[in-house]
Peer 1: 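Pasting a structure below so you can have a look.
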Amino acid sequence: MELRLEFSMGDIFIFDIDGCIMPNVFPIIKEAKNENINQEILKKASKLSLFPEFIEFYKRNCVKSLAVYFLTGRKKKYYKQLTEKQLEPIKSYKNYIIEYFPYNKPYTLKKYFKWKANSIKHIMNQWTQDFVRFHIYDDLKELFPIIFQEISPKIKDYNCKLIQKQMDWVHKAKIET
């Protein structure tokens, strides 16, 4: 008689929002100078919605996951309502947590990448149980070396996927088992 040890791997998903799961809102926002966010800018941005391919991916893969996180360069003070409205189509499938870029930090790519890598590391450290696999999706490939520098793959089971256009959700976002 052969003894087999079976276990199930729990998945945790970490998604970027702009340019990854939907069109990038930041070109519209750049029309506003000095973060002067007005109703006209928010109205233009509200016309952007999640990629249908992402919604299908989410329904197929995230429903049975342990947790889902969205990390965004958007600042909560200006974009909380917009972000929640844009993510609304997936809320009924699996609840999620949104982490916004800190209001008091000036936005530079270097600070953004450091914040995002530290946020991912913090999320991973919250999950101490064995057999947890992290799936990280972002549209900025420059982020991945920073993640690899901050978080050793020997410590955590994770993979990073570069998603830069809508059809990447069909061709590049598959989950390895």
Side-chain angles (χ1 to χ4, degrees), residues 11-38 40-42 44-51 54 57-58 62 65 67-87 90 96-128 132-169 171-173:
D11 293 306
I12 296 174
F13 292 88
I14 303 170
F15 298 104
D16 177 51
I17 295 178
D18 293 293
C20 185
I21 67 168
M22 63 181 293
N24 194 343
V25 76
F26 287 106
I28 294 170
I29 292 168
K30 285 183 181 176
E31 293 175 20
K33 294 179 175 59
N34 301 325
E35 299 222 23
N36 181 18
I37 308 303
N38 60 35
E40 184 180 325
I41 297 297
L42 290 174
K44 285 182 186 178
S46 71
K47 292 180 182 171
L48 301 177
S49 59
L50 299 174
F51 294 136
F54 168 73
F57 174 90
Y58 194 87
C62 296
S65 67
V68 176
Y69 296 88
F70 290 96
L71 302 179
T72 180
R74 299 175 183 195
K75 293 188 177 187
K76 188 175 187 176
K77 177 180 178 180
Y78 301 118
Y79 305 107
K80 181 180 188 286
Q81 287 181 327
L82 174 66
T83 304
E84 288 175 354
K85 183 172 175 22
Q86 289 171 323
L87 293 177
I90 59 172
Y96 46 79
I97 296 167
I98 306 169
E99 291 190 25
Y100 296 89
F101 190 73
Y103 174 71
N104 58 348
K105 277 191 180 191
Y107 187 91
T108 65
L109 269 183
K110 184 177 179 179
K111 287 181 193 262
Y112 173 69
F113 287 156
K114 187 72 171 162
W115 166 79
K116 194 171 244 187
N118 285 333
S119 295
I120 291 169
K121 187 176 184 177
H122 178 73
I123 290 167
M124 288 179 169
N125 288 338
Q126 292 176 359
W127 294 88
T128 56
V132 174
R133 182 177 38 207
F134 297 90
H135 305 277
I136 303 164
Y137 296 87
D138 206 290
D139 65 317
L140 298 174
K141 65 182 174 185
E142 299 85 4
L143 173 66
F144 298 146
I146 298 167
I147 293 172
F148 298 144
Q149 180 182 349
E150 290 289 323
I151 307 157
S152 170
K154 294 175 186 171
I155 296 171
K156 296 288 184 180
D157 184 3
Y158 69 93
N159 61 67
C160 297
K161 297 275 184 153
L162 183 64
I163 305 292
Q164 295 182 307
K165 55 188 182 283
Q166 186 171 351
M167 289 313 295
D168 287 350
W169 287 107
H171 301 295
K172 295 170 74 177

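All values derive from a computational prediction rather than experimental measurement.
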Peer 1: Please report the closest heavy-atom contact between Asp18 and Pro23, naming both atoms and the distance.
Peer 2: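 That would be OD1-O, 3.8 Å.
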Peer 1: Starting at CG of Asp157, measure out to CE of Met124 and round the result to the nearest 0.5 Å.
Peer 2: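 Here the interatomic distance stands at 8.5 Å.
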Peer 1: Classify the angle between the aromatic ring planes of Trp169 and Tyr137 as parallel (below 30°), tilted (30 to 60°) or perpendicular (above 60°).
Peer 2: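 Tilted, since the angle between the ring planes falls between 30° and 60°.
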Peer 1: Say you draw a straight line from NZ of Lys76 to OG1 of Thr83; how long is it, rounded to the nearest 0.5 Å?
Peer 2: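 Here the rounded value is 10.5 Å.
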Peer 1: List the atom of Phe101, the atom of Gly73, and the distance in Å for their closest heavy-atom pair.
Peer 2: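 Phe101 and Gly73 have their closest heavy atoms at CB-O, 3.5 Å.
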Peer 1: Nearest 0.5 angstrom please: Tyr96 OH to Ile90 CD1, how far?
Peer 2: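 With rounding to 0.5 Å, OH (Tyr96) is 5.5 Å from CD1 (Ile90).
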Peer 1: So which atom in Leu82 and which in Ser46 form the shortest heavy-atom distance, rounded to 0.1 Å?
Peer 2: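 Here Leu82 and Ser46 meet closest at CD1-CA, 3.4 Å.
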Peer 1: Applying side-chain hydrogen bond (donor to acceptor under 3.5 Å, both in side chains), can you list everything that pairs with Asp16, at least two apart in sequence or on another chain?
Peer 2: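 Partners of Asp16 by the side-chain hydrogen bond (donor to acceptor under 3.5 Å, both in side chains) criterion, ordered by chain and then number, come out as Tyr112, Lys116.
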Peer 1: State which residues pass ring pair (Phe, Tyr, Trp, His ring centres under 6.0 Å) with Tyr100; sequence neighbours excluded, sorted by chain then number.
Peer 2: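 Not a single residue meets the ring pair (Phe, Tyr, Trp, His ring centres under 6.0 Å) criterion with Tyr100.
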Peer 1: Using the test side-chain hydrogen bond (donor to acceptor under 3.5 Å, both in side chains), find all partners of Gln86 that sit at least two apart in sequence or belong to another chain.
Peer 2: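 Applying side-chain hydrogen bond (donor to acceptor under 3.5 Å, both in side chains) to Gln86 gives Arg74.
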Peer 1: What residues, two or more places apart in sequence or in another chain, satisfy ring pair (Phe, Tyr, Trp, His ring centres under 6.0 Å) together with Phe113?
Peer 2: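 In terms of ring pair (Phe, Tyr, Trp, His ring centres under 6.0 Å), with neighbours along the sequence ignored, Phe113 is linked to no residue.
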Peer 1: Kindly write out the residues that satisfy ring pair (Phe, Tyr, Trp, His ring centres under 6.0 Å) with Tyr69, not counting sequence neighbours, or none if the list is empty.
Peer 2: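 Per chain and number, Tyr69 pairs via ring pair (Phe, Tyr, Trp, His ring centres under 6.0 Å) with no residue.
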Peer 1: With sequence neighbours excluded, what pairs up with Lys111 under the salt bridge (Lys or Arg N to Asp or Glu O under 4.0 Å) test?
Peer 2: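 Partners of Lys111 under the salt bridge (Lys or Arg N to Asp or Glu O under 4.0 Å) test: none.
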Peer 1: If the condition is side-chain contact (heavy atoms from CB on, under 4.5 Å), which residues does Gln81 pass it with, not counting sequence neighbours?
Peer 2: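 For Gln81, no residue satisfies side-chain contact (heavy atoms from CB on, under 4.5 Å) once neighbours in sequence are set aside.
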Peer 1: On a heavy-atom basis, which atom in Ile123 and which in Trp127 lie closest, and how many Å separate them?
Peer 2: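 Reported closest heavy-atom pair: O-CD1, 3.1 Å.
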Peer 1: Taking salt bridge (Lys or Arg N to Asp or Glu O under 4.0 Å) as the definition, give me every residue that meets it alongside Lys85, ordered by chain and number, with sequence neighbours left out.
Peer 2: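 Counting only residues at least two positions away or on another chain, Lys85 forms no salt bridge (Lys or Arg N to Asp or Glu O under 4.0 Å).
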Peer 1: Using every non-hydrogen atom in the two residues, find where Gln164 and Asp168 come nearest and quote the distance to one decimal.
Peer 2: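 Heavy-atom minimum between the residues: N-OD2, 2.8 Å.
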Peer 1: Which word best sums up how the rings of Tyr58 and Phe54 line up, parallel for under 30°, tilted for 30 to 60°, or perpendicular for over 60°?
Peer 2: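 Taking Phe54 first and then Tyr58, their aromatic rings sit tilted (interplane angle of 30° to 60°).
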Peer 1: Nearest 0.5 Å, please: how far is CH2 in Trp115 from CG in Leu71?
Peer 2: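 Atom-to-atom, Leu71:CG and Trp115:CH2 are 5.0 Å apart.
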Peer 1: Angle between ring planes, His135 versus Phe13, binned at 30° and 60°: parallel, tilted or perpendicular?
Peer 2: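 It falls in the parallel class, under 30°.
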Peer 1: Which atom pair, heavy atoms only, marks the closest approach of Val25 to Leu48?
Peer 2: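 Scanning both residues completely, I find the closest heavy atoms to be CA-CD1, 3.8 Å.
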Peer 1: Tell me every residue that passes side-chain contact (heavy atoms from CB on, under 4.5 Å) with Lys121, counting only those two or more places apart in sequence or in another chain.
Peer 2: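 side-chain contact (heavy atoms from CB on, under 4.5 Å) check on Lys121 returns Asn125, Glu150, Ile151.
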Peer 1: Less than 3.5 Å apart, which donor and acceptor atoms pair up between the side chains of residues 140-148 and the rest of the protein, not counting sequence neighbours?
Peer 2:
none

Peer 1: Taking salt bridge (Lys or Arg N to Asp or Glu O under 4.0 Å) as the definition, give me every residue that meets it alongside Lys80, ordered by chain and number, with sequence neighbours left out.
Peer 2: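 In terms of salt bridge (Lys or Arg N to Asp or Glu O under 4.0 Å), with neighbours along the sequence ignored, Lys80 is linked to Glu84.
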Peer 1: How long is the straight-line distance from CD1 of Ile17 back to CD of Glu99, given to the nearest 0.5 Å?
Peer 2: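 These two atoms lie 11.0 Å from each other.
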Peer 1: Check side-chain contact (heavy atoms from CB on, under 4.5 Å) between Ser49 and all other residues, then give those that pass, not counting sequence neighbours.
Peer 2: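 Once residues adjacent in sequence are excluded, Ser49 has no partner under the side-chain contact (heavy atoms from CB on, under 4.5 Å) criterion.
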Peer 1: First locate atom CG of Leu109, then atom NZ of Lys114, and finally report the distance between them rounded to the nearest 0.5 Å.
Peer 2: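 With rounding to 0.5 Å, CG (Leu109) is 15.0 Å from NZ (Lys114).
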